[in-house]
There are 2 protein chains.
Amino acid sequence: MARAGLTVERVVQAAAELADEVGFDNLTVSALARRFGVKDASLYSHLKNAQDLRERVAVLALAELADRAASALAGRAGKDALVAFANAYRDYAKEHPGRYAAMQVDLTPEIAATSRADRHSEMTRAILRGYHLPEPDETDAVRLLHSTVHGYTALEAAGGFRHHPRDTEASWSKTLDALHALLGNWPS
Amino acid sequence: MARAGLTVERVVQAAAELADEVGFDNLTVSALARRFGVKDASLYSHLKNAQDLRERVAVLALAELADRAASALAGRAGKDALVAFANAYRDYAKEHPGRYAAMQVDLTPEIAATSRADRHSEMTRAILRGYHLPEPDETDAVRLLHSTVHGYTALEAAGGFRHHPRDTEASWSKTLDALHALLGNWPS
DNA sequence: TCCCGGAACCTAGAGGCTCTAGGCTATCAC
DNA sequence: GTGATAGCCTAGAGCCTCTAGGTTCCGGGA
């Protein structure tokens, strides 16, 4: 009978890969079951429903990205840290567009509390500590930094920059320069 | 028999309203037909398919937002213009979350060429002209500005900022101050 | 060794959404 | 009036979600 040997972990992992291949919007329980050579209904003993699947992919992605960012940050400070952190974000989105999309959609309170709010903004704060901003300016800067990195990543992924010949890599590099300059010269 | 009197315009307008109410993801042809008191199939003489519906909503939203931004920009310059433009964006996203979401997803080349690439980034350039940046810095600044405004709007809408007590309105205001300062002191 | 409980997987089926093919009916121009 | 056209319909196929209720594999205890 050759069982597929499904577990929640394997299912979610495969779902993440599928999302990267076909897009997060096209991540369906049916397609996932097909990939395992299994009937749709079989997956529902591992998943609550389709929304549950998407949330689990989001949690996986948040944890993965946090790990990468943490590694990138290790031993760095100042602008080095800023650049490493931002690149970890952007590179992850390029490598795993489906997972990155998953992270954005499903920020329900419980999910967000699980991983993002904790590790991600904590790392951002760690970077900003090098710029010595008093509160509440540091919080504002955290939000600005997140916004810009996420916004750039999202717009670039959606193809929003391809109408202009300017290289997006160069603009990205310049954007990080500008953010560094801004943080070092934060308006009072 | 009391016909519903459907036209493409009315259908798309209603779709935009529906998207704002139930979320862009939940915008379906079926739900729209239900709202008109009409069978699903009837809408397919006005629409090519479901994707076509979403794209039309995106085009509508892009045009509406461009109009608003243009009005907000009229007669303003410098920081006033920057703030007015950014607020037009953010306010629109708050008022019309479904339409704002529509704008992001569907940036296929043809659609984008229709409205966004033209009017939106042209207005952004008009604002930046006040800061006298040479090329390619102006292009980089356009991308940074778009990224930050969009990123902040998206993260705020997704609830990404509600884990911290700091008022999002105050952070937004400070973010615009910071952008203004940055543009006025762009690193070479 | 046997059996037994739980986990893994199944079939069957209801209900929703998408979209096509083909037919009827207001309504407006002439 | 009489066509022509646009607006709307029924019927139905295909895919996706999810529930209810089986059946089969597998490890651990008597």
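Chain identifiers are assigned alphabetically (A, B, ...) following the order of the sequence lines, protein sequences preceding nucleic acid strands; residue numbering begins at 1 within each chain.
Between A/Arg119 and A/Asp67 a salt bridge is recorded (basic side-chain N to carboxylate O distance below 4.0 Å). By the 4.0 Å N-to-carboxylate-O rule, B/Lys79 lies close enough to B/Asp177 to be salt-bridged with it.
For the residue pair A/Asp140 / B/Trp172, no side-chain donor-acceptor distance below 3.5 Å is found, with atom types taken as modelled.
When the C1' atom of D/dT17 is taken as reference, atom CG of B/Asn26 falls 14 Å away, rounded to whole Å. The distance from atom NZ of B/Lys48 to atom C1' of C/dT18 is 14 Å, rounded to the nearest whole Å. Distance A/Leu53 CG to D/dT17 P: 9 Å, rounded to the nearest Å. Rounded to an integer number of Å, the gap from B/Arg35 CZ to D/dC8 P is 17 Å. The interatomic distance linking B/Leu6 (CG) with C/dT27 (P) rounds to 14 Å, in whole Å. Between the C1' atom of C/dG16 and the CD atom of A/Gln51 lies a distance of 17 Å, rounded to the nearest Å. At whole-Å resolution of the value, CG in A/Leu47 and P in D/dT19 are 12 Å apart. The separation between B/Tyr44 atom OH and D/dG12 atom C1' is 14 Å, rounded to whole Å.
Applying the salt bridge (charged side-chain N to carboxylate O under 4.0 Å, His left out) test to A/Glu138 and every residue at least two apart in sequence or in another chain returns A/Arg125. Legend: residues meeting side-chain contact (heavy atoms from CB on, under 4.5 Å) with B/Phe161, ordered by chain and number and at least two apart, are A/Arg143, A/Ser147, B/Tyr152, B/Leu155, B/Glu156, B/Thr168.
Summarising the geometry of A/Phe24 relative to A/Ala101, their closest heavy-atom pair is CB-CB, 3.8 Å, with the distance given to 0.1 Å.
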Write down the protein N/O and nucleotide N/O pairs, taken from nucleotides 13-16 of chain D, whose separation is under 3.5 Å; answer none if there are no such pairs.
{"from": "D/dC16", "atom 1": "OP1", "to": "A/Arg34", "atom 2": "NH2", "distance (Å)": "3.3"}
{"from": "D/dC16", "atom 1": "OP2", "to": "A/Arg34", "atom 2": "NH2", "distance (Å)": "2.5"}

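For B/Lys39, the listed nucleotide lying nearest its side chain is D/dT10; candidates were C/dC19, D/dT10, D/dT19.
Look at A/Ser42 and you'll find a side-chain N or O under 4.0 angstrom from OP1 or OP2 of C/dC10.
DNA chain D is contacted by both B/Ser45 and A/Ala50; B/Ser45 maps to the nucleotide lying nearer its 5′ end (nearest heavy atom per residue). Nearest-nucleotide positions on DNA chain C place A/His46 closer to the 5' end than the other of A/His46 and A/Ala41.
Separation of the A/His96 and A/Tyr100 ring centroids does not fall under the 6.0 Å cut-off.
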